[in-house]
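Below you'll find the structure, written out as structure tokens, and then a few comments.
Along the sequence shown, the residues carry numbers beginning at 1.
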Amino acid sequence: MALIAVGASYRTAPVEVREKFAYAEAEVVGVLARIRAAGAREAALLSTCNRTEFYLVDSENDPIPAIWEELSTRLGDDAQRFGYVRRDRDAAAHLFRVASGLDSMILGEAQIQGQVRDAWEASRSQSGAALNRLFQSALLVASRVRSETAVGRGAASVSSAAVQLAKQIFGSLRGRRVMVLGAGETAELALQCLMAEGVRAAIVANRTYARAAELARLHGATAMRYDACWSELADVDVVITSTAAPHPVVRPEHIAPTLAARGDRPLCILDIALPRDVDPSVRELGNVFLYDLDDLRSVVATTIGRRHDELPTAEALLRDEVERYWSWLAGLASVPVLTALRSEMDRVRERELTSALRRLGHLSPADRQAVEHLSRALMNKFLHAPSVRLRAAAANGRGLGVVDAARYLFALDGTAEESAQDDRPNARPPIEETAE
């Protein structure tokens with residue numbers, strides 16, 4: 001049993017690559033079923049604005065090539081050069097860091113914990129005991145990091161970083177007019193941050209008008225439909241976009257007609273969606289300044305530097321939880337091996353006992369029963385120490401290595417026919433294989 005994480009994030013892939021790797025919720029079960037068919041015993045998918053990651057428990061076949069093929073098809077290029085692979089403890093530690101906000105573009109961001117929970121729920125039909133426990137543990141770690149350290153102290157999110165970037169451009173947002181495209185959680189956080197900065201008026205536009213109206217009512221903004229909002233761009237200073245659209249919803253033809261009415265006033269557009277909401281060619285329009293997720297890095301670097309002081313405490317907590325999970329996983333892996341070992345040894349015992357009793361036909365029923373009792377007692381004594389040590393290894397973190405060794409030494413991966421041939425009386429010893 002091996003735990004594997006395969007994917008790409010803002011650390012390895014630019015936004016134009018990440019947006020092609022992004023999966024909608026409706027796609028999750030289908031892609032995970034394909035990966036399982038390629039060799040994954042369990043599979044889960046985490047896809048956010050900053051990362052797309054597959055978490056796997058492998059079987060006999062290696063599922064990693066199927067993932068690179070899947071992502072390469074979406075990209076139209078070699079995806080592997082933008083990605084990474086984490087294995088075993090490193091894979092568990094990676095998810096724990098992700099859920100805790102330690103691997104986020106904005107250190108300690110709170111939204112990622114909910115995104116990890118949603119990813120687990122969407123993947124449940126394709127996951128199993130190992131991944132379910134992994135995601136449960138990751139969410140527990142995230143809660144502990146937030147409650148026991150100051151890594152997440154104070155509000156910090158992609159939305160708040162976008163608002164800080166707008167402040168750098170205008171100096172102050174007090175009295176400005178803003179438009180928010182989208183009405184999901186990220187858009188709502190952006191609206192909250194904007195209102196806290198004293199904007200004069202805010203417009204919320206969404207494909208579903210009822211949701212836009214609800215959000216606008218909660219924050220004293222004006223709700224509009226998409227098809228009616230574009231004319232308002234003549235009077236807007238800042239646009240923040242965060243929709244779930246699979247393609248750009250803001251194109252040059254939406255903005256160009258309003259530029260003459262704007263005069264020399266700049267228009268700042270902050271695209272914090274993935275896939276991106278704004279056609280990159282909008283940058284070519286005069287006096288229009290477009291920023292996307294990757295442009296937020298400089299803002300992030302100056303606003304959360306003090307959070308890094310809390311990293312050693314958070315990492316120590318995380319290491320403890322990784323070892324706790326790994327010990328549990330090793331124990332889980334040891335159970336079927338112990339069962340298989342006892343079953344195989346009992347099969348050998350019964351076959352040899354039958355052969356011996358056939359040659360000892362003169363024994364009385366009581367003697368035959370005594371011989372059978374002796375064979376069971378010997379088998380139990382022979383298996384006692386390996387069973388105890390295998391369970392002990394699972395408890396001290398060395399379990400998976402010992403489990404794999406036991407599986408190999410006792411040929412528990414071989415077929416019944418191979419085992420039967422090896423157990424034949426007078427069978428020649430196998431030729432020793434040369435290690436490659």
Side-chain angles (χ1 to χ4, degrees), residues 1-99 102-105 112 115-116 118-128 130-132 134-135 138 244 246-247 273-276 292-294 297 322 326 329 400 404 436:
M1 180 187 294
L3 182 66
I4 306 170
V6 184
S9 75
Y10 73 96
R11 297 182 184 276
T12 62
V15 65
E16 59 268 22
V17 172
R18 299 199 309 274
E19 67 183 357
K20 293 183 179 179
F21 289 165
Y23 286 85
E25 184 177 349
E27 298 178 280
V28 170
V29 172
V31 65
L32 292 182
R34 292 194 294 275
I35 300 305
R36 289 187 66 197
R41 185 182 309 169
E42 301 179 30
L45 171 61
L46 172 63
S47 184
T48 73
C49 61
N50 279 326
R51 70 187 65 250
T52 293
E53 294 175 341
F54 291 85
Y55 291 87
L56 314 169
V57 175
D58 74 350
S59 58
E60 294 181 3
N61 298 321
D62 183 6
I64 295 178
I67 292 177
W68 294 133
E69 182 179 355
E70 169 78 23
L71 294 178
S72 295
T73 299
R74 295 175 77 93
L75 181 62
D77 195 359
D78 178 19
Q80 191 168 351
R81 62 195 180 98
F82 295 105
Y84 45 81
V85 177
R86 307 278 188 270
R87 296 180 184 274
D88 298 331
R89 280 181 176 83
D90 288 342
H94 181 72
L95 179 60
F96 289 5
R97 288 191 181 94
V98 169
L102 303 185
D103 194 60
S104 295
M105 180 185 293
I112 185 62
Q115 291 170 331
V116 169
D118 293 343
W120 175 37
E121 292 296 336
S123 304
R124 287 288 287 272
S125 66
Q126 304 299 315
S127 65
L131 288 185
N132 288 340
L134 178 70
F135 275 79
H247 49 72
L274 195 91
R276 288 173 291 180
D292 58 32
L293 284 166
D294 285 354
R297 293 193 185 191
V322 167
W326 202 250
L329 184 63
L400 287 181
D404 287 340
E436 294 182 358

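Between Tyr55 and Ala91, the shortest heavy-atom contact is CE2-O, 4.1 Å. Nearest heavy atom pair, residue Ser123 against residue Val28, reads OG-CG1, 3.9 Å. The two residues Gly39 and Pro63 have their closest heavy-atom pair at C-CB, 4.0 Å. The shortest non-hydrogen separation linking Arg41 to Asp58 is NH2-O, 3.7 Å. Among all heavy-atom pairs drawn from Arg18 and Leu274, the shortest one is O-CD2, 3.6 Å. Here the closest non-hydrogen pair linking Phe82 and Ala13 is CB-CB, 4.0 Å.
Side-chain contact between Asp103 and Arg11 is present, with at least one heavy-atom pair separated by less than 4.5 Å. Inter-residue side-chain proximity for Arg34 and Glu70 is flagged as met; some heavy-atom pair is nearer than 4.5 Å. Put simply, the side chain of Phe96 does not reach to within 4.5 Å of the side chain of His94, judged on heavy atoms. Counting heavy atoms from C-beta outward, Glu25 and Leu45 have side chains that stay 4.5 Å or more apart. You'll find the side chain of Val85 reaches within 4.5 Å of the side chain of Arg87, heavy atoms only. Using a 4.5 Å heavy-atom cutoff, the side chains of Leu75 and Phe21 are in contact. At a threshold of 4.5 Å between non-hydrogen side-chain atoms, the residues Leu46 and Thr48 count as touching. Between Asp78 and Ser72, the closest side-chain pair of non-hydrogen atoms falls below 4.5 Å.
Within a 6.0 Å sphere centred on CD of Glu16, heavy atoms belonging to other residues, nucleotides or ligands number more than 12. The number of heavy atoms from other shown groups lying within 6.0 Å of CD (Glu27) is above 12. Heavy-atom contacts from other residues, nucleotides or ligands closer than 6.0 Å to CZ of Arg86 number more than 12.
Among His247, Arg276, Arg74, the single residue meeting the side chain to side chain donor-acceptor pair (under 3.5 Å) criterion with Glu19 is Arg276.
Using a 30° and 60° split on the angle between ring planes, Phe54 and Tyr23 fall in the perpendicular class, above 60°.
Rounding to the nearest 0.5 Å gives a distance of 8.0 Å between OG of Ser104 and CD of Gln115. Distance CG/Leu95 to CG/Asp90: 13.0 Å, rounded to 0.5 Å.
Side-chain polar atoms of Ser127 and Asn132 form a donor-acceptor pair below 3.5 angstrom.
In this structure, the salt bridge (Lys or Arg N to Asp or Glu O under 4.0 Å) partners of Glu53, at least two apart in sequence or on a different chain, are Arg51.
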